[in-house]
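Notes to accompany the following structure.
Just so it is clear, the model here is predicted, and its values are computed rather than measured.
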Amino acid sequence: MTIRTRFAPSPTGYLHIGGARTALYCWLEARHRGGEFILRIEDTDRERSTEQAVQAILDGMQWLGLDADEGPYYQTLRMDRYRQVAEDLLRAGKAYYAYESKDEIETMRNAAMAKGEKPRYNGFYRERNEPLRDDPNRVIRFKNPQGGSVVFEDKVKGRIEWSNEELDDLVLIRSDGFPTYNFAVVVDDVDMKIGEVIRGDDHVNNTPRQINIYHALGEPVPEFAHLPMILGADGQKLSKRHGAVGVMQYRDDGFLPHALLNYLVRLGWSHGDQEIFSRDEMISLFDIADVNKSASRFDVEKLSWLNQQYLKSDDPLEIAPHFEWQLRAAGIDPEKGPDPADVIVALRDRAKTLKEMVEKARVWYAPLEHYDEAAVAKHLKTPTARPALEAVHAKLAEIGDWSVENVHGAIEAAAASIGEGMGKVAQPLRVALTGTQVSPSIDHTTFLAGRSEALRRIEAALARVG
RNA sequence: GCUCCCUUCGUCUAGCGGUCCAGGACGUCGCCCUCUCAAGGCGAAAACACGAGUUCGAUCCUCGUAGGGAGCGCCA
């Protein structure tokens, strides 16, 4: 039987970093083992679930390329099924109706707490066999085993043992007829034949009670793998205050989806000393059993480094669409300047994100209006500036085929013609073309400006030469 | 309060009893390269939370302590 994993987010917000990694691991595990990956939306909380959040999650998954083989399934569409299973349990004597109000439960808990005990439901209606009655407080509770313990072998945490003494009779169906989370997951995972449950480790505590439900249902218990948390750079729980937490925010900030994936896969998992993983390598090398047990912090610096690695190694033609998208987002028309692929080649050693790249690319997409004073003073108000610029102007004008190589040759020739080194020509030229002292190599900088614009800017600079 | 989980350089991690006076990567610092800035190359500083055991020998096994986290809902 092929293994089936699932990612089951509740649509109460966008797909955040932690969720994205969980989804990635579920997806990788399925792909690695030749199984299936299922997407399920856990939307039983009608208060907090929204349509937009569902869409945000779907968008995030798509951007990351985590394609599901089935789904999305929606829990709200399966209400009848949950009720049916709960009734089966009732008939089998494995569940019962209880009628306490929320207030009563609350006082029960507080009382236990006061005695230094764990706050739990006392099982008042468990063995009463009272005739069924209508009551707004009526819920269905699970008859949790009273002795012994639940033991399971977590694929990342190892063996975990839980005494049934710690567990109370949890609510299966709420008074409003909706299933509770712990019940719905089990029913879903059983129905969807999930063989391996991979989720955040905030769920370890729920696992023993879920296992008891599997037993009551007479269904095989799946394997479990609980992933450690991802914390913010400050070691605190990830929150909105940490800035970009929605996965799509990383796209907006100029990261490549594959860079994020690569960063995420290494956060809590590793394969020797390897840092860079292609999609296929991830799939073939990933093993859920190699996942770490402890929480890790999210480090944008390393993400940025990885992003640049991909910016440098990917085919510029593949990056181009992402870059153009970013240009437009910044209000720049890609048509009004050099070929994006050429710009990428010139800038990828100098930018960690596409967003940075766009900022640095601005000079070639808009007329040059501003000159940096210090740059002008240092490189234009010099005795060699005029001869240097005049020489370059002449050589550039003579070029037949406007290419980076020919531009490079022209600049070298210009330097030679006035008996100076590259520096004496490159810097004034750089200021003339960009208004600043910093830009990519001078041949690329010139090439990207285009011949007519380059000549025009040199002429403008000549007017400022001291 | 109770239960469960976690603990190697600042960060991500390798390590599965001797190969470790602990390896790699990001970041930091220095040098080289150089038309600027980068990128790249080379190098440096930087960690086994603490305390008991077990063992001929512990980063690795056991138990405590400390610190951190999660859960204890008719939320997921």
Side-chain angles (χ1 to χ4, degrees), chain A residues 8-12 42-45 47-49 75 98 100-102 105-106 109 112-121 137-141 154 157-158 160-163 165-168 170-182 184-185 199-208 226 228-229 231 233 235 237 263 266-276 292-306 308 312 347-352 360 375 379 411-412 415 421-431 434 436-443 445:
Chain A
S10 56
T12 54
E42 310 216 320
D43 54 354
T44 49
D45 184 345
E47 314 269 282
R48 300 192 301 149
S49 299
Q75 288 190 322
E100 284 89 355
S101 69
K102 291 182 188 179
I105 298 291
E106 186 63 25
R109 268 186 242 289
M113 211 61 137
K115 279 194 289 180
E117 286 166 10
K118 201 163 174 159
R120 54 204 297 278
Y121 172 64
N137 287 325
R138 190 227 276 167
V139 298
I140 298 178
R141 281 186 183 271
D154 191 279
K157 300 278 181 188
I160 291 174
E161 180 167 1
W162 211 285
S163 169
E165 304 292 318
E166 299 295 327
L167 276 20
D168 63 359
L170 77 157
V171 171
L172 260 25
I173 300 289
R174 302 186 232 166
S175 53
D176 63 2
F178 271 62
T180 56
Y181 164 76
N182 279 300
V185 223
R199 61 202 348 176
D201 72 1
D202 45 336
H203 288 289
V204 258
N205 303 284
N206 291 321
T207 307
H226 288 96
M229 299 206 75
L231 309 170
K237 202 169 168 175
Y263 178 71
R266 278 285 288 101
L267 207 56
W269 173 85
S270 64
H271 181 258
D273 289 339
Q274 189 170 343
E275 297 286 352
I276 309 282
N292 283 157
K293 297 176 178 193
S294 53
S296 47
R297 302 187 189 202
F298 188 83
D299 180 18
V300 213
E301 294 293 333
K302 189 152 187 182
L303 204 211
S304 299
W305 174 79
L306 269 168
Q308 185 171 36
K312 291 186 345 178
L347 286 171
R348 58 182 172 183
D349 284 341
R350 298 168 172 77
K352 290 186 183 293
K360 292 182 196 292
H379 301 291
I411 298 171
E412 265 185 340
M422 276 292 268
K424 283 284 193 262
V425 178
Q427 282 306 79
L429 179 55
R430 175 168 280 118
V431 177
T434 69
T436 72
Q437 306 183 60
V438 177
S439 83
S441 62
I442 198 62
D443 45 7
T445 300

Quick one: [atom1] on [X] to [atom2] on [Y], what's the gap to the nearest 0.5 Å?
X	Y	atom1	atom2	result
Arg174(A)	Lys102(A)	CZ	NZ	8.0 Å
Ser441(A)	Arg350(A)	OG	CZ	5.5 Å
Thr207(A)	Asp154(A)	OG1	CG	7.0 Å
Lys424(A)	Leu429(A)	NZ	CG	14.5 Å
Lys237(A)	Met229(A)	NZ	CE	5.0 Å

Nearest-Å distance for atom pair [atom1]/[atom2], residues [X] and [N]:
X	N	atom1	atom2	answer
Lys293(A)	rC4(B)	NZ	P	15 Å
Asp154(A)	rC6(B)	CG	C1'	13 Å
Ile105(A)	rC74(B)	CD1	C1'	9 Å
Phe298(A)	rG69(B)	CZ	P	20 Å
Asp201(A)	rG68(B)	CG	C1'	12 Å
Leu231(A)	rU11(B)	CG	C1'	12 Å
Asn292(A)	rU7(B)	CG	P	8 Å
Lys157(A)	rC4(B)	NZ	C1'	10 Å

Please check the phosphate of [N] (OP1 and OP2 only) for any side-chain N or O of [X] closer than 4.0 Å.
X	N	result
Arg174(A)	rC75(B)	yes
Arg109(A)	rC74(B)	yes
Lys237(A)	rA70(B)	yes
Asn206(A)	rA76(B)	no
Ser270(A)	rC12(B)	no

Nearest-neighbour nucleotide for the [X] side chain, [options] considered:
X	options	answer
Asp202(A)	rG71(B), rC12(B), rC75(B)	rG71(B)
Leu267(A)	rC12(B), rA76(B), rC4(B)	rC12(B)
Arg48(A)	rC75(B), rC5(B), rC72(B)	rC75(B)
Val139(A)	rC74(B), rC2(B), rA14(B)	rC74(B)
Ile160(A)	rG1(B), rA76(B), rC5(B)	rC5(B)

Find which nucleotide of RNA chain B each of Gln75(A) and Met113(A) is nearest to by heavy atoms, and output the residue with the more 5' nucleotide.
Met113(A)

Suppose we define a pair by two distances each less than 3.5 Å, Watson-Crick or G-U wobble; what does [N] pair with here?
N	result
rG18(B)	rC56(B)
rG10(B)	rC26(B)
rG1(B)	rC72(B)
rC63(B)	rG51(B)
rU36(B)	none

When we call it a touch if two heavy atoms are under 4.0 Å apart, what does [X] touch: a base, just sugar-phosphate, or nothing?
X	value
Gly421(A)	nothing
Val171(A)	sugar-phosphate
Arg199(A)	nothing
Ser294(A)	sugar-phosphate

Given Lys302(A) and Glu275(A), is the salt bridge (charged side-chain N to carboxylate O under 4.0 Å, His left out) satisfied, shown in steps?
CA-CA 10 Å; Lys302(A) 189 152 187 182; Glu275(A) 297 286 352; 3.2 Å; yes

Please tell me whether Ser439(A) and Thr445(A) have a donor and an acceptor in their side chains that are separated by less than 3.5 angstrom.
yes

Looking only at the side chains, is there a donor atom on one of Arg266(A) and Ser296(A) sitting less than 3.5 Å from an acceptor on the other?
no

Integer angstrom distance from the [atom1] of [N] to that of [M]:
N	M	atom1	answer
rA22(B)	rG41(B)	C1'	26 Å
rC37(B)	rC50(B)	P	44 Å
rC60(B)	rC48(B)	C1'	10 Å
rG24(B)	rG15(B)	P	15 Å

Short side-chain to backbone donor-acceptor contact, Lys157(A) and Lys293(A), under 3.5 Å
yes

Mark yes or no for whether Tyr263(A), through its side chain, and Trp305(A), through its backbone, hold a donor-acceptor pair below 3.5 Å.
no

Counting primed atoms plus P, OP1 and OP2 as sugar-phosphate and everything else as base, spell out the protein contacts along nucleotides 20-44 of chain B at 4.0 Å heavy-atom distance: B, S or - for each nucleotide, 5' to 3'.
---BBBSS-------BBBBSS----

